[in-house]
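Here the structure is laid out as structure tokens; the discussion comes afterwards.
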Protein chains: 2
Amino acid sequence: MSSTQILPVRTESTPPALNASPLETGWQRQGKLWSNLRELCEVLRIPASSASLIADEELLFQHVQFKTGQRIHTIGQPFDALYIVHSGFLKTVLIDEFGNEQVLSFPMKGDLFGVDGIHTRRYASEAVALSNCDLILLPFKKLTALGRIHLEFEHSIYSVMSRELVREQAMISMLGALSAEARVARFLVSLSDRYADMGYSSRLFNLRMTRHEIGSYLGLTLETVSRTLSAFNEIGLITVDQRSIGIKDPEALKTLRRLPPSSARAKQVASRKARQQPREASQRSGAPCEAFPTAV
Amino acid sequence: MSSTQILPVRTESTPPALNASPLETGWQRQGKLWSNLRELCEVLRIPASSASLIADEELLFQHVQFKTGQRIHTIGQPFDALYIVHSGFLKTVLIDEFGNEQVLSFPMKGDLFGVDGIHTRRYASEAVALSNCDLILLPFKKLTALGRIHLEFEHSIYSVMSRELVREQAMISMLGALSAEARVARFLVSLSDRYADMGYSSRLFNLRMTRHEIGSYLGLTLETVSRTLSAFNEIGLITVDQRSIGIKDPEALKTLRRLPPSSARAKQVASRKARQQPREASQRSGAPCEAFPTAV
DNA sequence: CGGAGGCTTGAGATACATCAAGGATCGTGG
DNA sequence: CCACGATCCTTGATGTATCTCAAGCCTCCG
């Protein structure tokens with residue numbers, strides 16, 4: 001509609017080297033350039049049935065596109081807008097004092113990010129495109145103004161922020177309590193679920209991130225991630241071929257707490273302590289199935 | 001920053017008569033204390049200078065009291081209100097499928113909790129009083145309605161939620177990247193800072209939580225927490241006597257990444273590998289004080 | 001005074017990190 | 001089109017930080 005959608009990419013600080021891709025497909029042409037409120041709610045997965053919301057057809061939100069490797073925002077940059085992923089994959093990261101990246105999330109379709117910038121008015125994290133992305137730009141002022149007009153929408157804003165908080169709580173719990181195997185398993189399951197939500201296959205998909213990024217996200221090294229995937233493959237839970245993952249036994253992945261002592265690891269254990277007989281030894285955190293009362 | 005004014009601030013003295021204690025669900029409303037908007041903003045540490053806010057004197061928020069060990073809300077309980085800590089100490093926890101607690105936070109004066117209930121309309125975590133507590137009850141509907149009247153206050157709501165999100169991001173980063181020693185050190189520093197904010201001594205204070213709870217919060221076992229505190233004590237960073245902590249070297253605690261190879265651990269290392277000469281061994285994560293060399 | 005948590009400390013086990021080497025993949029330029 | 005380098009991934013050998021198990025002490029409270 002409008003003529004202003006030129007603004008293709010606002011690439012700030014020099015992204016790695018990704019100049020020169022003239023023959024790149026026309027990602028600028030693809031995808032929508034504006035969304036109305038109804039579409040916004042739809043992608044956010046929040047009910048937007050209210051007549052007033054649907055009626056607001058002329059209120060539009062601009063889309064912005066980013067290419068693989070480009071930064072959407074950096075740490076410390078003045079905050080002015082939130083983003084919703086319309087298509088594509090990203091990562092958000094924190095940078096520690098040594099320059100090491102710590103991955104916080106992998107936003108994909110329907111996810112909101114940038115919320116951490118509200119408090120200090122500067123983004124607290126950095127968002128990077130892992131693929132070409134189409135994002136919906138949500139100027140914060142515009143958003144809150146809208147919330148005042150549509151009460152239902154206001155609640156949705158709070159709700160989505162709350163959802164993010166709950167997600168991070170689950171993350172903390174996972175990092176604090178689960179084994180490497182359980183973390184990787186849950187990561188795969190959550191990816192699988194997200195793909196299903198987006199209409200892709202939940203059984204066969206491609207990872208958009210490196211082992212290093214997965215490891216950072218899960219609090220593990222890339223070698224441990226790689227080994228764990230290989231182990232899952234060996235016992236038939238999944239198939240792995242580089243970035244391609246096939247989910248073979250979703251149920252087992254969902255409930256996995258520690259790898260069964262058999263399989264690949266058995267040989268290792270056997271060889272290492274052939275003489276020493278370690279009896280049963282599986283207490284406390286327990287094998288996959290174990291009921292426990294107590295607590296508190 | 002005293003909240004004197006109108007309010008008789010009772011530092012956690014046992015509230016008089018609390019009818020028995022169903023301990024579950026029921027929060028005893030003592031209904032004696034009320035805060036207006038200005039006081040609310042004050043305890044939340046957000047600017048509330050706007051005339052309109054101060055003017056709203058008759059809009060009052062109810063306080064509720066809880067005794068040590070009581071639950072403010074439990075997981076799955078219908079959500080209707082947020083809480084701000086006016087005085088006292090609490091913990092929020094997640095309960096896993098085996099009934100094990102995972103501590104998420106230790107709310108104290110000025111902290112907001114209950115936000116995780118907005119999304120599903122049920123609390124996603126459980127809040128338990130670690131001491132007698134005086135909380136400000138914030139009915140969610142009342143809160144959002146107020147935000148619509150006072151724009152400045154509306155922004156504050158978003159801001160405080162954002163602050164919580166940033167806090168959790170920092171937590172994730174810590175769990176994913178730091179050693180046990182660094183986690184404990186940072187925990188002590190953050191406690192010290194909070195005590196200072198509240199007007200207590202930042203150098204000498206009492207822990208309100210057990211080693212087990214600290215360990216759960218930091219993703220460690222209680223033994224590791226205990227040992228780490230003992231080690232800090234041995235090298236003079238702190239003094240420890242049960243729940244009483246004295247901060248001796250705040251700067252060292254702030255920058256600590258891993259314990260210097262000397263001290264208690266030295267003897268252990270020495271005895272264990274007397275013959276094998278482990279060179280300097282301080283690469284990568286580096287010793288306590290280390291300028292930022294490379295990285296990235 | 002006794003019992004129940006809570007804390008400390010030691011010895012040993014192990015899960016994961018670290019170090020290292022080689023193979024697969026892909027974009028780029030000759 | 002192929003060779004090349006840069007990543008990325010896999011796998012093995014080894015090290016070690018943290019957990020686990022166990023025992024004893026302390027402190028609070030009925």
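Chain letters run A, B, ... following the sequence lines, proteins first and then strands; every chain starts at 1. In this text, all values refer to a predicted model and were calculated from it rather than measured experimentally.
- Between the base of dG12(D) and the side chain of R227(A) there is a donor-acceptor pair shorter than 3.5 Å.
- Every salt bridge (Lys or Arg N to Asp or Glu O under 4.0 Å) that E126(A) has, sequence neighbours left out, goes to R71(A).
- For residues 244-256 of chain A, the pairs satisfying salt bridge (Lys or Arg N to Asp or Glu O under 4.0 Å) are E251(A)-K254(A), with sequence neighbours left out.
- Between L256(A) atom CG and dA15(C) atom P there is a gap of 13 Å when expressed in whole angstrom units.
- Comparing dG6(C), dT9(C), dC8(D) by their closest approach to the side chain of R243(A) singles out dC8(D).
- Take Q102(B) and apply the side chain to side chain donor-acceptor pair (under 3.5 Å) test, not counting sequence neighbours, and it matches no residue.
- With dT18(D), dT9(C), dT11(D) as the choices, the nucleotide that has an atom nearest any side-chain atom of S230(A) turns out to be dT11(D).
- Between the axis at the start and the axis at the end of the helix from dC1(C)-dG30(D) to dG30(C)-dC1(D) there is an angle of 40°, using five pairs per end and rounding to 10 degrees.
- Between F232(A) atom CZ and dT10(D) atom C1' there is a gap of 16 Å when expressed in whole angstrom units.
- Shown here for S131(B) and F89(B), the closest heavy-atom pair between the two residues is OG-N, 3.0 Å.
- In this structure, CG of L207(B) is placed 10 Å from P of dT8(C), rounded to the nearest angstrom.
- Listed by chain and number, the residues in a side chain to side chain donor-acceptor pair (under 3.5 Å) with R227(B) amount to none (sequence neighbours excluded).
- dT14(C) atom P lies 14 Å from atom CD of E181(A), rounded to whole Å.
- Remark: N233(B) pairs with no residue by the side chain to side chain donor-acceptor pair (under 3.5 Å) rule, at least two apart or across chains.
- Checked against the 6.0 Å centroid threshold, Y200(A) and F205(A) do not count as a close aromatic pair.
- Considering only side-chain atoms of R211(B), the nucleotide from dC16(C), dG6(C), dT8(C) that sits closest is dT8(C).
- Of the residues in residues 218-225 of chain B, those placing a heavy atom less than 4.0 Å from an atom of DNA chain C are L222(B), E223(B), in numerical order.
- For the pair N233(B) CG and dC7(C) P, the computed distance is 15 Å after rounding to whole Å.
- Checked against side-chain contact (heavy atoms from CB on, under 4.5 Å), A129(A) has the following partners two or more places apart in sequence or in another chain: F66(A), I72(A), C133(A).
- Across the protein-nucleic acid pair, E213(B) atom CD and dG5(C) atom P stand 14 Å apart, rounded to whole Å.
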Pairs under 3.5 Å (N/O, protein and nucleotides 23-30 of chain D):
none

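- Note on residues 167-178 of chain B: pairs passing salt bridge (Lys or Arg N to Asp or Glu O under 4.0 Å), not counting sequence neighbours, are E164(B)-R167(B).
- Rounded to whole Å, atom C1' of dT7(D) lies 15 Å from atom CD1 of I214(A).
- Listed by chain and residue number, K91(A) satisfy the salt bridge (Lys or Arg N to Asp or Glu O under 4.0 Å) test with E213(A) (two or more places apart in sequence, or in another chain).
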With a cut-off of 3.5 Å and sequence neighbours excluded, list every side-chain donor-acceptor pair involving residues 182-192 of chain A.
unit_1: R183(A); atom_1: NE; unit_2: L178(A); atom_2: O; d: 2.9
unit_1: R183(A); atom_1: NH1; unit_2: L218(A); atom_2: O; d: 2.8
unit_1: R183(A); atom_1: NH2; unit_2: L175(A); atom_2: O; d: 3.3
unit_1: R183(A); atom_1: NH2; unit_2: L178(A); atom_2: O; d: 3.1
unit_1: S190(A); atom_1: OG; unit_2: R186(A); atom_2: O; d: 3.4
unit_1: S190(A); atom_1: OG; unit_2: F187(A); atom_2: O; d: 3.0
unit_1: S192(A); atom_1: OG; unit_2: S202(A); atom_2: O; d: 2.8

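- The separation between H212(A) atom NE2 and dT10(D) atom P is 15 Å, rounded to whole Å.
- When side chains are defined from C-beta on, L94(A) does not count as touching E101(A), because their heavy atoms never get closer than 4.5 Å.
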